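Working notes for the structure below.
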Amino acid sequence: MDIIVLKPGASASDLRQIIKKLEHRGFRANISKGTERTVVGVIGDTTKITEDESNAFASMSGVEKIHRITQPFKLASRDFRSNDTSIRIGKHTIGGRKIQVMAGPCAVEDLPTLLHIAKEVKKAGAAFVRGGAFKPRTSPYSFQGLGEEGLKILAEVRRQTGMPVVTELMDPRDIDVILKYADVIQIGARNMQNFRLLQEVGSHDKPVLLKRGLSATIKELLMAAEYIMSQGNNKVILCERGIRTFETATRNTLDLNAIPVLKKLTHLPVLVDPSHGVGRWDLVAPMARAAVAAGADALMIEVHSKPEEAESDGEQSLKPGKFSALMKELRAVAKAVGRTI
Ligand code: PEP
Ligand code: MN
């Protein structure tokens, strides 16, 4: 027993009784109110529920049916919620007909540079600006990000452009400072299975952009989303950003399969990051077009006005002019698949 589907006319008191009974048994309830029905997700080790107990729940007032989910991820699964989740951020929605684009440098470097890039990508049609203030670098000697100073720069860019900002959280100890400035919290590929970090962002209601780990399976990505959702935060955007394979021609292998696979398995929006997927600026455009054609709900693209001087990931960053040209192409692809961008 994983999901309790209520009758359309179930009362608030019916729901309270169900929650009480679940909590008495050591479970928690995740309530999802749809337009017609309320669905209660049972949080905890549901394999311990016996057939008799399940029948007892089924006979409670207001209960229409009990549903088992065979997947190990529950709240993230399509069985739990058949309609696509859409996440409202400011005046934008992620997970709808419109494909949202997040763009900006890998790292926040200084205010004039970020502001210039943000204005350029906004003009080209991006709604969100991205930039890391805490950078997960392979070498401890590489630029590690500006920390809170970088977050302040992001907030100033949001103030001047109106664009919501996306930035990475690497350490649960920085949650308060991130919550103060970010509109979307990014969990980087290297932290996809940092379970304490996932639980931390799960206990707030800020949208989370969860990047797939370097060698994580789709199931592991969904289990990581489940960690966040099980704490009560349903605003999770899944990100395909390329995985490690035997291929060395590109930085990673962008797993385009993941897009339609995820769209089948989960109701959560799927964002594709072709920049980290390929690691070379000249390959970003074709993979961005392919991602849109394959059904991505959003894109994240690294853009820098002077890639050759960027503190990180300059080799995969598009210049604003190239980004703008790409956006024009993406509009045509989106139209062909019944979307807008
Ligand atoms: C990034 O977005 O700049 C980044 C570090 O991404 P990832 O975690 O996917 O490597
Ligand atoms: Mn980067």
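Order of listing sets the numbers, starting from 1, for every ligand and every atom in it. The structure presented is a predicted model; accordingly, all values stated were derived computationally and were not measured. Below, all heavy atoms of this structure are taken into account, side chains as well, without hydrogens, waters or symmetry copies.
Applying the 4.0 Å criterion to heavy atoms of Cys106 picks out, from ligand 1, the atoms 3 (O). Within the listing of ligand 1, atoms 8 (O) sit less than 4.0 angstrom from a heavy atom of Gly188. The ligand atoms of ligand 1 that sit less than 4.0 angstrom from a heavy atom of Lys135 are 1 (C), 3 (O), 5 (C). Within the listing of ligand 1, atoms 1 (C), 2 (O), 4 (C), 6 (O), 7 (P), 8 (O), 9 (O) sit less than 4.0 angstrom from a heavy atom of Lys211. Taking every non-hydrogen atom of Ala189 and a distance limit under 4.0 Å, the qualifying atoms of ligand 1 come out as 7 (P), 8 (O), 9 (O).
Here Asp174 does not pair with Lys180 in a salt bridge; the nearest charged N to carboxylate O distance is not below 4.0 Å. In summary, Lys74 and Glu226 do not engage in a salt bridge, as defined by a charged side-chain N under 4.0 Å from a carboxylate O.
By the 3.5 Å distance cut-off applied to N or O atoms, Glu302 is counted among the residues near ligand 1. Residue Glu168 places no N or O, backbone or side chain, under 3.5 Å from any N or O of ligand 1.
In this structure, Arg130 has a heavy atom closer than 4.0 Å to ligand 1.
Note: angle at the Mn ion (ligand 2), from SG of Cys106 to OD2 of Asp313, is 90° (rounded to 10 degrees).
The shortest heavy-atom contact between Ser312 and Arg137 is CB-NH1, 3.3 Å. Annotation for Ile117 and Gly104: closest pair CG2-CA, 4.1 Å, computed over non-hydrogen atoms. Across Lys319 and Val303, no two heavy atoms sit closer than the pair C-CG1, 4.2 Å.
If you check which protein heavy atom lies closest to atom 9 (O) of ligand 1, you get Arg241 NE, 2.6 Å.
Inter-residue side-chain proximity for Leu299 and Val292 is flagged as met; some heavy-atom pair is nearer than 4.5 Å. At a threshold of 4.5 Å between non-hydrogen side-chain atoms, the residues Ile94 and Phe128 count as touching.
For the residues His276, Met192, Arg251, the heavy atom positioned nearest atom 1 (C) of ligand 1 is part of His276.
Distances from the Mn ion (ligand 2) to the N/O/S atoms of Glu302 are shortest for OE2.
Residue Glu156 forms a side-chain hydrogen bond (donor to acceptor under 3.5 Å, both in side chains) with just one option from Gln160, Arg158, Lys152, and that option is Gln160.
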